[in-house]
Amino acid sequence: MKSQKPAEQEKSTVSGRHGVVKEPCSPVVYRTIAFSDNFVIPINLLNTLKYEYLRRELWVPLEHRGGRITVLVDDPGNILKRDMIENLFKTKAIEYCVASKADILNFIDHFYGIDDAGELLSSNKMTDAAGEGEAVKEEQLAVAEEDSKVIVNLVNDLIHEAYVRRASDIHIEPDIKDRVVNVRFRIDGECIPYKTLPYEYRAPIVSRVKIMSNLDITERRLPQDGKIKYSRPGAEEMELRVATLPTHGYVEDVVLRILTRGKIMVLDDLQMEKDTRDRFKAIMKKPYGLILLVGPTGSGKTTTAHAALHLINKPNMKIWTVEDPVEITQQGIRQVQAHHKIGLDFNSAMRAFLRADPDVIMVGEMRDYETAKMGIEASTTGHLVLSTLHTNNAPETIVRLLDIGIDPFAFADSLLCVLAQRLVRCLCEECKESYHPAKEEFDDLVGHYGEKPFSGLNITYNDDFTLYRAKGCPECNNTGYRGMTGLFELLVATDAIKQMIIGRKSIAAIRKSAMTEGMHTLLQGGVMKVLRGETDFIEVLSVCIR
C-alpha cells in the first residue's frame, strides 16, 4: 500500500486597508492506494451496496475508523459522485483516496469474493470476518450468478414456456421458510405451479428481470414497475409488464404479465350472444354518447374495448386513448400512457384530448368524480366516449356513478349503454365428458336462469338431457379446462332506463326494467354456455352471482 500524507494547509492572513485577507490554500493532496488483498473486508459498509452498482459507479468503501469512512475513487474532484456517496452514508466525514480504475475493480471483486473468472471464491474471507456466514455467502452467490448465462437462459426459458402454455402471468415467489423459489403461471385465470428453483437464485433472477426492464437493481425496499420488450427466436416481439414487490424476509417477488398475444381480437371473436353482439355493434356506430365497459380486474374489459375501437377505426376517424398501462396497440389510434407522478392522469389527458380534435375518446378508467364528469361532458359535446369501471354488473354501474355525485340529468342524456362482462374457463374439448344430470341439478339451472324466461328456451328435462363436466388430460394440465370464454350483460339506455336514472331508482328496479327490454344477465349467459357444453355450472357460479 502506497500512501502519501496530505500537505499541511496553513491559513495565513495579511492585514490591508480592506481588513483581514486570507491567502489562498494549498491544493488538496489525496492519498493514493494500490490494490492489496490484505485489506479487511468492510462488511458494515458493504451490506447496503450492490456489487454491480459499485462497478458501474467506480468507487468502493475501504474502512470505517475514528469516526471517518475511507472511500476509494478514481476522481476525487468529482463533486456529484462525492455528494452521492455522502448521501448514501449520510455523513460528510469521509476521506477520499485515489486509485486506478483497475485497482478499484479489483478491490470490489475481492470484497465480494469474486475471482478473476467471475466465479465465487472457495475461501470465504467475508464470512470469516463477519460471523454471518450463510447469509453473506448466499448474497455473494446471488451477486456472482447475476450475469451468468445460467440465469439469463433461465429467465428466457420461463418467458418462453409461459407463452407456449398460454399463461397470462408469471409469478416468481421466494419462500424463506422452505428456502426455495416457487414459479407459478396463471393459465385461464388459475395460478398453476410450474417449477421450483434453488433459493440461491432468488436475487439473480430478480436482478436479471430488473435489468431487462430498466429498473433500479440497487433498490430492494420499494415496489417498482416497468416493461420488457422480448423477442422470441423466429417469432414476433412480445411485451411484458413487470412488477417487483418487497416481501417478508428481505426478499422480492416478481410478477410478469404477458401483454402481446398476436392480432387484435374483433367483436365476432368474443363469443357474445348474437343479439347482444348485434345491439352493441349498432351502438358503437353512434356519433356521440357514453359507453361503459364494467367488470372486475382481469375480466377482459381492455380486450373488449379495443375490439370495439377496431370496429370503428377508419381513416376518417380520429381516436384518442389514455390508458394505464397501454397494453394493446392499434395502428391508426393515438394512445397516451398515463403518468400520475407527473400529473398526467385520466382527467388531465381528457382535457387535452378535447383540444386535439377527437371523434372518439377512450379513457382507461372512470375512477373518480372529475374523470366521470369530464367523460360525460365530452360525450354530450359531440364525441363518442368509451371508459371502463370496476363494478359487478350493469345496473350497479348506474347507481355507483350517481353515488359519487354525477348529475343524473347529464348522465341520462349521455349514456348509450353499459356492457358488463366476466371470463369463465372452458371445458377442455379433448377430455370433457358427457353425463345425464339429476333432476335437482336441472332445477337449479332453471332457478338461476329464471323460470319464466327459461320456459321460452323450449328445453325440457328428459332421459336425453345431457350436460358436460371436466375430467382432465395432458392437454389441459389435468385441470379439465382449456381456454376462456366471455359472459356479457348489455344494458341499453332506453327512454325508460333514462327516466329511472333521473329518478335515482334502485339497482333491482333498473335490472327488472332492463330485463323486460331484452337484457340477458351474466348468470343467464353462463347458463346458456352450460347448456351448450362450453363450460360447467360450477365455473359460472365462481365468477357471477346474478
Exceeds 12 heavy-atom contacts within 6.0 angstrom, atom [atom1] of [X]:
| X | atom1 | value |
| --- | --- | --- |
| Arg56 | CZ | yes |
| Arg221 | CZ | no |
| His248 | NE2 | no |
| Phe35 | CZ | yes |
| Ile538 | CD1 | no |

Show the nearest heavy-atom pair for residues [X] and [Y], with the distance to one decimal.
| X | Y | result |
| --- | --- | --- |
| Ala167 | Ile258 | O-CD1, 3.5 Å |
| Leu354 | Ala378 | CD2-CB, 3.8 Å |
| Ile217 | Ser207 | CG2-O, 3.9 Å |
| Ile41 | His110 | CD1-O, 4.3 Å |
| Met265 | Leu270 | CE-CD2, 3.8 Å |
| Pro246 | Arg220 | CB-O, 3.5 Å |

With no hydrogens and no angle check, just 3.5 Å: does a side-chain donor-acceptor pair link [X] and [Y]?
| X | Y | value |
| --- | --- | --- |
| Tyr199 | Asp175 | no |
| Gln330 | His310 | no |
| Thr479 | Glu190 | no |

Do [X] and [Y] touch side chain to side chain, with heavy atoms closer than 4.5 Å?
| X | Y | value |
| --- | --- | --- |
| Val363 | Phe353 | no |
| Asp74 | Ile104 | yes |
| Tyr230 | Met212 | yes |
| Cys426 | Glu539 | no |
| Arg55 | Asp109 | yes |
| Tyr96 | Ile85 | yes |
| Arg422 | Asn392 | yes |
| Asp324 | Gln337 | yes |

Do NZ/NE/NH1/NH2 and the carboxylate oxygens of [X] and [Y] come within less than 4.0 Å?
| X | Y | value |
| --- | --- | --- |
| Asp359 | Lys318 | no |
| Lys50 | Glu52 | no |
| Arg166 | Asp188 | yes |
| Glu323 | Lys301 | no |
| Asp268 | Arg277 | yes |
| Lys81 | Glu57 | no |

Practice task
Over 60° means perpendicular and under 30° means parallel, so classify the ring planes of Tyr53 and Trp59, tilted if in between.
Solution key: perpendicular
Handout entry: Parallel, tilted or perpendicular, as decided by the 30° and 60° cut-offs, for the rings of Tyr194 and Phe185
Key = parallel
Exercise for the section: Could you grab the distance from atom CZ of Phe488 to atom OG1 of Thr276, nearest 0.5 Å is fine? Expected result: 9.0 Å
In this structure, which one of [options] forms a side-chain contact (heavy atoms from CB on, under 4.5 Å) with [X]?
| X | options | answer |
| --- | --- | --- |
| Leu49 | Ile108, Val60, Leu88, Thr218 | Leu88 |
| Leu419 | Ile283, Thr397, Leu491, Thr304 | Thr304 |
| Leu487 | Leu423, Thr535, Leu523, Val543 | Val543 |

Test item: [X] side-chain N/O and [Y] main-chain N/O as donor-acceptor pair under 3.5 Å:
| X | Y | answer |
| --- | --- | --- |
| Thr371 | Asp368 | no |
| Glu86 | Ile94 | no |
| Glu489 | Ala420 | no |

Practice task
Can you spot which of Lys210, Gln224, Arg202 makes a side-chain hydrogen bond (donor to acceptor under 3.5 Å, both in side chains) with Glu252?
Solution key: Lys210
